[in-house]
Amino acid sequence: MRVVLGVGGGIAAYKSAELVRALQQRGHEVQVLMTRAAEEFIRPLTFAALTGRKVITGLWAGDGSQDTLSSAVEHIGVAQENDLLVVAPATADLLAKFAHGLADDFLSTLYLAFTGPVVFAPAMNTAMWEHPATQDNLNALRARGCSFVDPDEGWLACGTVGAGRLADPLRIADHIDSHSHRKKDLAGEFILVTAGPTQEALDPVRYISNRSSGKMGYAIAEVAAKRGADVLLVSGPVNLPVPHNVERISVRTAQEMREAVLNHLAEASIIIKSAAVADYYLAEVPQHKLKKTATRLSLELDPTPDILAELGERKGDRLLVGFAAETDNLIEEARRKMTAKKCDMLVANLVNRDGLGFESDQNEVEIITRSGQTVHAGPADKKEIAERILDQVAVLRLVLRAVDTTRLTQRT
Ligand code: CTP
């Protein structure tokens, strides 16, 4: 793969030299581009010697530098010639520029002209990393489909300990590597993903819900779209941006989720039901707010429709993936749900472990396949878990297609 490495102006710029080596060892060609600030930390000669190529430096044409490759149109050429753009270290200033589409130097202009995958490896002081402005910029870039190798925690150059240290160059290289292996193995599939909780009203201001953040379902939708699928995300109320190339329908209640899913069932070839649907609802919601009294309040709740079980009955040759959130007897409960709801695959996770599952960015799951095998994934970032789930989905799809073809051949 041809990788263009944008080096930002941070103390970690020297580690980008190690990143160049790690990428070369994995067989990638690297073109280095340095911002003006980066040149304050490391000399272009280091990168030129490592890559055997002229390093792109300076600002726009007109900055007086004769020996740079910069010119008014060169960023287009660099954008077209390379398969992936990685920015390491990505400073708070660069992330803000990219998030807002500023284009006042070679790197920011290249970012706008670049249509391939973009990876950021941020590095900065902990307070800058955690600042809402930086986090908003990260979310905007994530929503656009850029991926991040998040900084490590540890001693920072400013003398403090915390998150913000540039990730290990080997970890950045591994992440980049995964892009080069990524196939469009879900092209041609229409994947319907449900995500998030549902909310069931008790009165005009109160509702029953659960702690689902929707992050797992959103990660599945994002990764499925990157792997070539058409993705429709039916989402309960969550606070997450719509992933790149994904269409979202927002719903609130289990009943609304059921309607949205059934309305689009005909188009779907794969359904992944990661939503944490509320199990009970109040059938007659009062028009007015329930008033507090000194006595105990009892409400009679009815079961919500079990969407997954209904899909199990109506799925035809669609591939149906269910989820099971458990606190005990994980595998046993998951197998029971898989059979009861007629799923082709079930992803089970324990939800009573600190730092994993609900609300967290990390997860650890058991994927139960049709053959009854269990595949363990994690603990890892939810995007990584999404990749592993979709690997199993892609394999099962191939197997089911092969079985169909054999049946057809036998009939003719
Ligand atoms: N599910 C659904 N509709 C419901 C309840 C659950 O479609 N009304 C789906 C979920 O999206 C998930 C799977 O069923 O894919 C399992 O959800 P889970 O909450 O773990 O199981 P339940 O069947 O609700 O059983 P319990 O709460 O008793 O564990």
Side-chain angles (χ1 to χ4, degrees), residues 191-201 207-221 224 232-238 248-265 268 270-283 301-315 318-353 356-359 363-370 374 377 382 385-386 389-390 392-393 396:
I191 307 191
L192 199 164
V193 182
T194 70
T198 65
Q199 291 177 355
E200 312 299 332
Y207 57 78
I208 313 175
S209 192
N210 57 64
R211 288 172 56 206
S212 167
S213 63
K215 285 179 185 168
M216 192 65 245
Y218 275 61
I220 293 173
L232 176 66
L233 180 61
V234 176
S235 171
V238 296
R248 177 170 72 177
I249 298 178
S250 296
V251 298
R252 187 168 292 280
T253 64
Q255 194 55 47
E256 286 172 17
M257 183 169 279
R258 174 182 176 271
E259 270 161 39
V261 168
L262 294 183
N263 282 344
H264 293 276
L265 184 59
I270 298 172
I271 306 158
I272 304 183
K273 277 228 78 257
S274 64
V277 186
D279 287 327
Y280 293 94
Y281 78 114
L282 187 64
L301 303 176
D302 285 311
T304 55
D306 192 320
I307 310 166
L308 184 62
E310 189 171 348
L311 290 171
E313 297 298 337
R314 300 174 57 168
K315 72 187 184 77
R318 293 172 192 86
L319 200 156
L320 182 61
V321 182
F323 269 66
E326 305 297 341
T327 50
D328 311 282
N329 306 329
L330 183 67
I331 304 288
E332 207 178 295
E333 272 303 292
R335 289 218 160 99
R336 185 186 62 75
K337 281 183 192 170
M338 187 165 163
T339 315
K341 304 195 189 195
K342 300 195 174 133
C343 304
D344 299 292
M345 188 183 288
L346 195 127
V347 181
N349 68 320
L350 285 172
V351 285
N352 51 350
R353 296 173 57 194
L356 288 173
F358 277 161
E359 295 164 349
N363 209 353
E364 183 173 16
V365 302
E366 300 291 342
I367 306 167
I368 305 182
T369 66
R370 243 160 74 129
T374 49
K382 284 187 173 165
I385 301 284
I389 294 169
L390 291 170
Q392 295 301 322
V393 167
L396 184 55

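Both ligands and their constituent atoms are indexed starting at 1 by order of listing.
Between the Arg318 side chain and the Leu265 main chain, a donor and an acceptor come within less than 3.5 Å of each other.
For the pair Thr374 and Ile368, the tightest heavy-atom approach, listed with the atom from each and the gap, is CG2-CG1, 3.7 Å.
Within the 4.5 Å cutoff, the side chain of Thr198 has no heavy atoms near those of the Val251 side chain. Annotation: side chain of Tyr281 is not in contact with side chain of Ile208 (no heavy-atom distance under 4.5 Å).
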Could you give the N/O to N/O pairs under 3.5 Å linking ligand 1 and the protein, each with its distance?
| residue | atom | partner | partner atom | Å |
| --- | --- | --- | --- | --- |
| ligand 1 | 3 (N) | Ile307 | N | 3.1 |
| ligand 1 | 7 (O) | Lys273 | NZ | 2.9 |
| ligand 1 | 7 (O) | Ile307 | N | 3.4 |
| ligand 1 | 7 (O) | Leu308 | N | 2.8 |
| ligand 1 | 8 (N) | Thr304 | OG1 | 3.2 |
| ligand 1 | 8 (N) | Pro305 | O | 2.9 |
| ligand 1 | 11 (O) | Lys273 | O | 3.3 |
| ligand 1 | 11 (O) | Lys273 | NZ | 3.1 |
| ligand 1 | 11 (O) | Ala275 | O | 2.7 |
| ligand 1 | 14 (O) | Lys341 | NZ | 3.0 |
| ligand 1 | 15 (O) | Lys273 | O | 2.7 |
| ligand 1 | 15 (O) | Phe323 | N | 2.9 |
| ligand 1 | 15 (O) | Phe323 | O | 3.3 |
| ligand 1 | 20 (O) | Ala325 | N | 3.1 |
| ligand 1 | 20 (O) | Lys337 | NZ | 2.8 |
| ligand 1 | 21 (O) | Lys337 | NZ | 2.9 |
| ligand 1 | 23 (O) | Lys341 | NZ | 2.5 |
| ligand 1 | 24 (O) | Asp279 | OD1 | 2.9 |
| ligand 1 | 24 (O) | Asp279 | OD2 | 3.2 |
| ligand 1 | 27 (O) | Asp279 | OD2 | 3.0 |
| ligand 1 | 29 (O) | Lys337 | NZ | 2.8 |

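Applying the side-chain contact (heavy atoms from CB on, under 4.5 Å) test between Cys343 and each of Leu308, Leu319, Val321 identifies Leu308 as the sole match.
To the nearest 0.5 Å, atom CG of residue Leu396 and atom CD1 of residue Ile270 are 8.5 Å apart.
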